[in-house]
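One-based numbering, in listed order, for ligands and for the atoms of each.
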Amino acid sequence: MKRVLALLATCATVLGLMALVSPQAVAAAGCKVDYTVASQWQGGFQAGVKITNLGEPVSAWTLTIAMPDAGQKLVQGWNATWTQSGSTVTATGLDWNRALATGAAADVGFTGSFTAANPKPTAFALNGVACTGSVVGGNPTPDPTPDPTPAPGTGTPVGINGPVHVCGVNLCNQYNRPIQLRGMSTHGIQWFSGCYNDASMDALAKDWKADLLRIAMYVQEEGYETDPAGFTSRVNSLVDMAEARGLYAMIDFHTLTPGDPNYNLARAKTFFASVAARNANKKNVIYEIANEPNGVSWAAIKSYAEQVIPVIRAADPDAVVVVGTRGWSSLGVSDGSSESEVVNSPVNAANIMYAFHFYAASHKDNYRAALSRAATRLPMFVTEFGTVSATGGGTLDRTSTTAWLDLLDQLKIGYANWTYSDAPESSAAFRPGTCDGSDYSSSGVLTESGTLLKSRISTADNFPTA
Ligand code: IDC
């Protein structure tokens with residue numbers, strides 16, 4: 001399956017890559033680069049790049065990737081500082097991965113765009129020394145063999161359930177039967193993109209047996225507003241990674257501060273027009289249009305929703321859309337209100353659900369009561385919750401978390417837990433440093449919260465199939 005492109009040392013010299021060496025770099029005696037196009041779509045792609053140092057240890061590295069022409073453009077990279085000049089893409093190691101012992105490897109990657117076909121790199125060099133390399137996947141020589149991951153359809157959540165829709169107060173599958181989707185939310189993809197790679201997504205699908213990946217794309221805090229094209233493309237590649245594993249992908253427009261989603265109305269329209277057009281034919285996409293409205297009335301949220309939903313529907317008429325609620329998606333409870341403001345004035349659109357969020361150590365019986373009442377009247381989705389306090393930190397509250405998850409199971413309300421990341425906070429599922437490595441499966445990498453969630457999510461779904 002792998003079309004191996006042998007890259008000779010002379011090739012790099014001919015291309016003049018020696019001239020690209022950064023002056024302070026330490027020379028490497030040998031290196032190997034595995035360049036894998038993990039996914040590709042109309043005009044764009046995502047590539048994983050594994051750099052193995054075969055020479056003397058280096059204290060800092062710079063990788064140059066020579067492309068045949070300048071038609072390919074770097075959009076966003078991770079686990080390195082990425083730049084492009086002409087047809088050369090350059091990645092420089094970060095504090096935590098810049099030293100490479102002999103035999104050690106760094107896993108980096110990037111998304112890019114291209115105009116005609118996706119060109120293959122022609123040479124790699126580490127600190128100016130040519131590397132051997134392999135290039136797998138992508139046009140113009142698409143992989144002749146199927147993806148190693150079983151195609152959706154063979155027992156995966158999306159394979160079994162197909163496209164979902166709202167029926168009554170439930171989320172229903174292709175057999176029009178209520179289902180509960182259980183999964184994990186990313187942390188902010190602007191900060192933790194290193195946590196979302198083939199190994200971690202395999203673990204989520206196969207070990208956690210999750211149904212859902214929520215993709216938290218912050219709008220502020222160094223998020224979407226700083227690089228709309230880059231974040232749109234990164235979200236799309238995460239949708240593809242979920243799709244390849246038969247997982248639903250919830251695209252979360254993670255508004256938080258400021259709390260009025262109307263502040264980001266123009267951005268939301270631009271973003272959702274793009275992702276809805278691009279993903280319209282997929283079975284696995286759910287749109288969440290405003291993470292946690294706060295300091296704003298339900299009327300203002302409803303107005304926002306009634307402007308953004310038509311933009312999505314114009315491109316993707318059938319997808320489920322989830323609308324955030326007042327008071328950090330508490331149905332208004334955190335603002336002293338209740339679900340009745342939504343019941344009395346629902347969003348004027350079909351096939352939608354409402355978001356409810358809780359943090360188990362902060363939100364207890366009165367929040368559970370509000371959600372239980374709401375669930376008889378409104379289609380609800382717990383698009384984010386934590387096992388800890390609303391800060392994302394503090395002590396895990398096992399009793400409250402268990403009460404919540406039992407309630408959600410009983411009501412068949414879907415959920416995504418904050419977070420599938422190694423953030424240094426107790427809400428994260430992985431211990432700090434996990435995403436620097438490649439092990440997402442052993443119990444040793446899990447936090448207390450991760451252990452609890454994995455044990456809950458990995459139980460059998462028993463989705464109805466008729
Ligand atoms: C928190 C993160 C934290 C980050 C902060 C920045 O856990 O690392 O510094 O955001 O905004 C939410 C939000 C979610 C919060 C989370 C925990 O949707 O963005 O993440 N939380 O505070 N609502 C309630 C809690």
Side-chain angles (χ1 to χ4, degrees), residues 183-196 212-226 231 235 238 250-261 263-264 268 286-296 301 304 322-335 354-364 366-368 370-371 380-397 400-401 404 408 414-435 447-450 452-453:
M184 296 296 292
S185 175
T186 69
H187 203 292
I189 58 172
Q190 78 276 40
W191 298 314
F192 289 89
S193 60
C195 289
Y196 312 110
L212 171 74
L213 174 72
R214 177 187 192 235
I215 302 163
M217 185 197 71
Y218 277 72
V219 185
Q220 275 72 45
E221 301 187 61
E222 304 162 7
Y224 176 81
E225 67 177 3
T226 66
F231 279 98
V235 166
L238 289 167
M250 181 175 284
I251 298 180
D252 161 32
F253 194 67
H254 200 87
T255 57
L256 184 60
T257 311
D260 182 352
Y263 176 84
N264 288 304
I286 299 172
Y287 302 99
E288 182 182 7
I289 60 174
N291 167 51
E292 291 191 349
N294 58 87
V296 66
I301 302 165
Y304 167 86
V322 187
V323 180
T325 57
R326 184 176 158 202
W328 296 273
S329 286
S330 69
L331 282 167
V333 178
S334 288
D335 276 356
Y354 296 93
F356 188 83
H357 291 180
F358 65 83
Y359 279 74
S362 304
H363 309 123
K364 300 188 179 177
N366 59 322
Y367 287 83
R368 284 189 278 268
L371 181 64
M380 300 301 306
F381 204 116
V382 172
T383 57
E384 179 185 313
F385 80 95
T387 57
V388 298
S389 87
T391 61
T395 313
L396 178 141
D397 190 329
S400 176
T401 300
W404 272 114
L408 301 183
Y415 62 77
N417 173 249
W418 186 262
T419 56
Y420 197 69
S421 83
D422 66 350
E425 53 190 13
S426 52
S427 50
F430 294 110
R431 294 183 189 280
T434 300
C435 302
T447 62
E448 193 183 357
S449 188
L452 175 58
L453 260 298

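- The shortest contact between atom 12 (C) of ligand 1 and any protein heavy atom is with E384 OE2, 3.0 Å.
- Counting heavy atoms under 4.0 Å from ligand 1, residue T419 does not touch it at all.
- Below 4.0 Å from some heavy atom of E425 lie the following atoms of ligand 1, by number and element: 2 (C), 3 (C), 7 (O), 8 (O).
- Within the 4.0 angstrom cut-off, atom 9 (O) of ligand 1 has no protein heavy-atom neighbours.
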**Request:** Decide ring-ring contact (aromatic ring centres under 6.0 Å, His included) for Y415 and F385; before the verdict, give the C-alpha distance in whole Å, the side-chain angles of both, and the deciding distance to 0.1 Å.
**Result:** CA-CA 8 Å; Y415 62 77; F385 80 95; 5.4 Å; yes
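- Ranking the protein heavy atoms by distance from atom 6 (C) of ligand 1 puts E221 OE1, 3.1 Å first.
- Using cut-offs of 30° and 60° for the angle between ring planes, the Y218 and H187 rings count as parallel.
- Protein heavy atom closest to atom 22 (O) of ligand 1, with residue, atom name and distance, is A390 O, 2.8 Å.
- Considering backbone and side-chain atoms alike, N291 places an N or O below 3.5 Å from some N or O of ligand 1.
- The protein non-hydrogen atom at the shortest distance from atom 20 (O) of ligand 1 is W418 CZ2, 3.1 Å.
- Close N/O approach between H187 and ligand 1 is found [any backbone or side-chain N/O within under 3.5 Å].
- Defined by atom type and a distance below 3.5 Å, a donor-acceptor pair is missing between the side-chain atoms of E221 and Q190.
- Counting only N and O atoms by type, the side chains of T391 and S389 include a donor and acceptor under 3.5 Å apart.
- Contact annotation: for Y218 versus ligand 1, heavy atoms closer than 4.0 Å belong to the side chain alone.
- Interface atoms of ligand 1 facing L256, defined by a heavy-atom separation under 4.0 Å, are 11 (O), 19 (O).
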**Message:** Please determine whether ring-ring contact (aromatic ring centres under 6.0 Å, His included) holds for the pair Y420 and F192, giving the CA-CA distance in whole Å, both sets of side-chain angles, and the decisive distance to 0.1 Å.
**Reply:** CA-CA 10 Å; Y420 197 69; F192 289 89; over 10 Å; no
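- Atoms of ligand 1 lying under 4.0 Å from any heavy atom of T391, numbered from 1 in the order shown and given with element: 17 (C), 22 (O).
- No donor-acceptor pair closer than 3.5 Å links the side chain of Y304 to the backbone N or O of N264.
- Distance check: L213 CG to Y196 OH gives 8.0 Å after rounding to the nearest 0.5 Å.
- Between F358 and F356, the two ring planes are tilted [angle within 30° to 60°].
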**Asked** Where do W418 and H357 land on the ring-ring contact (aromatic ring centres under 6.0 Å, His included) test, with the steps shown first?
**Response** CA-CA 10 Å; W418 186 262; H357 291 180; 8.9 Å; no
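- Near H254, meaning under 4.0 Å from any of its heavy atoms, are these atoms of ligand 1: 13 (C), 14 (C), 18 (O), 19 (O).
- Close contacts between ligand 1 and G392 involve ligand atoms 17 (C), 22 (O) [criterion: under 4.0 Å to a heavy atom].
- Around atom 25 (C) of ligand 1, the closest heavy atom drawn from W191, Y359, F358, W328 belongs to Y359.
- Without hydrogens or angle criteria, S426 side chain to G394 main chain gives a donor-acceptor distance under 3.5 Å.
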